Amino acid sequence: MIELSEARNYVLAGCRTNETIVVPLNDALGCITAEAIVAAEQVPPFANTAVDGYALIADDTANVPATLRVTGTVRAGMSGADSPVEPGCAVRIMTGAPVPPGATAIVMVEDTEGSPEGDVVVVTASAKPGQHIRPAGDDVNPGDPVITVGTELTPAHLGVLATIGVTHIAVVRRPIVGVISTGDELVDDGSPLAPGQIRDSNRLTLRKLLESHGFETVDLGLARDDEQVIEDAMRAGAESCDAIVTTGGVSMGDFDYVKVVLDRIGDMRWMQIAIKPAKPLAFGTLTRSNGTAVPLFGLPGNPVSSMVSYELFCRPGLRKMSGFSKDDLDVGIVQGVLTEPLKRRSDGKTHFARVVCGWDDSSSTYTVRSAGAQGSHHMAAMAAANALAELPDGETLAAGSTVRVRLLRP
Ligand code: AMP
Ligand code: MG
């Protein structure tokens, strides 16, 4: 058995960062930026009002109530130029509208009396100069750095880019991932199970996991134990995908053709890792016809193992391919406190227990309890879990122990 860290380093070394592409903002959410963006425009582009009310000269409201003549209206989208504010006068103004020439403050409707359509307004609270005015460039000015290289684009980032008139951005292309399930026992068409058969659940689970993490997937199908079928599926994947994920056929006792085929057409390392579940892992590359090396993750077939292996190896590797920095390959790692003992025996392995993790406001800690049965085939408990708790080698951890937790749904 090798250590988890050795397996991870091996996998990560085999995952290279993808090339840079320019995409419309609409396609950039979650991508890592490959260029810095410096603002070329001012935001807001003109001084405007933060409230609905009246634009006026602050000095005219030194003594309240102050009665002012209403000489015009400016709405958002209008130019304020046609409605200058003269002494003793006010201009009705709506949120976002340009502050008309001459005005030095805005008074909110709530601090006035009089009908909204009337010729006069009575101001009941004195205005300070500049009140409720958002000056031009209050948010962003030309030359301001807005986005740095290596930023994971959030909706707010896209919003600020749209605000300054940027429509496209250079990002690291995210990998397209092909998923294959292997095993003669699998059925994937809903037909009744013959003796010894089980239903293929891994392919759907892994594809949806990948998609929920922002990766496009390709369904490469179910490859039964036939050398040619497996080879065709693998080769098709290497042509059309940036990475391939397979499940099944990688454990010690396996006599599947997966090993035979991958050893023949790929450059694979077969690992036994000191973790439970997900001890077996195959990782290596297939070579596309144009010479590109395509990483292949051979995950174990047990459903829980395949998901744990995905979290520990695939997801970090694919994040590296997507341009995330080496310190940002794991997601949602927190410390939690056990509210009940988590059973285990010393066996030389780190265990990843399926747990329910919650936030306790009164103690400001994450609490952790078992999600149920801990076998690598116990998918019901996996589905009930929202996190994996890392239990170092040793005996049962007592209630109150602190553990490292990997949140599956942060
Ligand atoms: P293997 O890794 O091929 O030795 O499979 C280990 C266990 O996982 C066996 O019980 C398989 O039947 C089961 N298994 C393999 N592939 C899948 C799959 N795609 N969906 C559900 N169970 C699977
Ligand atoms: Mg098998």
Side-chain angles (χ1 to χ4, degrees), residues 1-2 7 11 177-212 217-234 236-237 241 243-264 266 268-284 296-315 349 351-352 354 372-385 388:
M1 284 195 304
I2 62 171
V11 167
V177 187
V179 182
I180 307 177
S181 47
T182 71
D184 245 5
E185 71 277 35
L186 301 177
V187 171
D188 70 347
D189 59 3
S191 57
L193 297 177
Q197 288 186 324
I198 60 162
R199 301 197 189 280
D200 175 8
S201 62
N202 291 351
R203 189 154 37 106
L204 177 68
T205 308
L206 287 166
R207 284 190 65 205
K208 296 306 150 186
L209 258 182
L210 287 156
E211 288 167 11
S212 71
T217 69
V218 176
D219 184 356
L220 294 171
L222 162 57
R224 292 226 170 62
D225 283 351
D226 174 297
E227 272 198 58
Q228 198 56 50
V229 172
I230 295 171
E231 179 173 343
D232 290 349
M234 301 282 181
C241 303
I244 299 170
V245 175
T246 72
T247 74
V250 298
S251 35
M252 285 286 244
D254 257 311
F255 295 100
D256 303 23
Y257 290 112
V258 174
K259 252 183 194 149
V260 176
V261 171
L262 285 180
D263 270 337
R264 180 160 50 76
M268 301 298 297
R269 178 170 171 188
W270 304 87
M271 293 175 268
Q272 298 289 320
I273 307 161
I275 57 173
K276 186 180 175 182
K279 183 170 74 154
L281 173 74
F283 180 79
L296 185 142
F297 300 83
L299 308 187
N302 273 307
V304 175
S305 307
S306 71
M307 289 186 73
V308 170
S309 194
Y310 169 82
E311 291 292 336
L312 296 179
F313 304 105
C314 282
R315 192 175 176 189
K349 297 178 197 159
H351 290 196
F352 288 89
R354 275 69 74 202
Q374 296 290 330
S376 59
H377 59 295
H378 284 129
M379 270 306 269
M382 182 80 217
L388 300 173

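Everything quoted here is computed from the prediction, not taken from an experiment. Counting convention: from 1, in listed order, for ligands and their atoms alike.
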Practice task
Look at the side chain of Q374 and the backbone N and O of G372, then say whether any donor-acceptor pair between them is shorter than 3.5 Å.
Solution key: yes
Exercise for the section: Just jot down the ligand 1 atoms closer than 4.0 angstrom to any heavy atom of G249, in number order. Expected result: 1 (P), 2 (O), 3 (O)
Handout entry: From NE2 (H377) to OG (S305), nearest 0.5 Å
Key = 10.5 Å
Completion exercise
For A7, the side chain to side chain contact (heavy atoms under 4.5 Å, CB included) test, sequence neighbours excluded, returns I2, M271, I273, F313
Practice task
May I ask you to check if ligand 1 and R203 share an N or O to N or O distance below 3.5 Å?
Solution key: no
Practice task
Tell me, yes or no, whether the heavy-atom count around K276 atom NZ, taken from other residues, nucleotides or ligands under 6.0 Å, exceeds 12.
Solution key: no
Exercise for the section: Please say whether P300 places an N or O atom under 3.5 Å from an N or O atom belonging to ligand 1. Expected result: no
Exercise for the section: Please could you name the atoms of ligand 1 that T247 approaches to less than 4.0 Å, counting only its heavy atoms? Expected result: 19 (N)
Fill in the blank from the handout: Partner of N202 under side chain to side chain donor-acceptor pair (under 3.5 Å), picked from N302, T247, T246, is T247
Practice task
Under 4.0 Å from a heavy atom of E185: give me the atoms of ligand 1 that qualify, with their elements.
Solution key: 11 (C), 12 (O), 15 (C)
Practice task
Carefully, step by step, assess M379 and V304 under the rule side chain to side chain contact (heavy atoms under 4.5 Å, CB included).
Solution key: CA-CA 6 Å; M379 270 306 269; V304 175; 4.0 Å; yes
Practice task
Sorted by first residue and then second, give each salt bridge (charged side-chain N to carboxylate O under 4.0 Å, His left out) pair with at least one member in residues 301-313; sequence neighbours left out.
Solution key: E311-R315
Handout entry: Numbered atoms of ligand 1 (with element) below 4.0 Å of S181, judged on heavy atoms
Key = 19 (N)
Exercise for the section: Would you please determine whether H377 falls within less than 4.0 Å of ligand 1 on a heavy-atom basis? Expected result: no
Practice task
Using a strict cut-off of 4.0 Å, indicate which atoms of ligand 1 neighbour a heavy atom of D200.
Solution key: 18 (C), 19 (N), 20 (N)
Handout entry: L186 and ligand 1 - part of the residue with a heavy-atom distance under 4.0 Å
Key = side chain
Problem - Proximity flag S201 to ligand 1, non-hydrogen atoms under 4.0 Å - result: yes
Practice task
Identify, by atom number and element, the atoms of ligand 1 in contact range of R199, meaning under 4.0 Å from any of its heavy atoms.
Solution key: 20 (N), 21 (C)
Practice task
To the nearest 0.5 angstrom, please state how far the CZ atom of F352 sits from the CD1 atom of I275.
Solution key: 6.0 Å
Problem - Short N or O distance, G301 and ligand 1, threshold 3.5 Å exclusive - result: yes
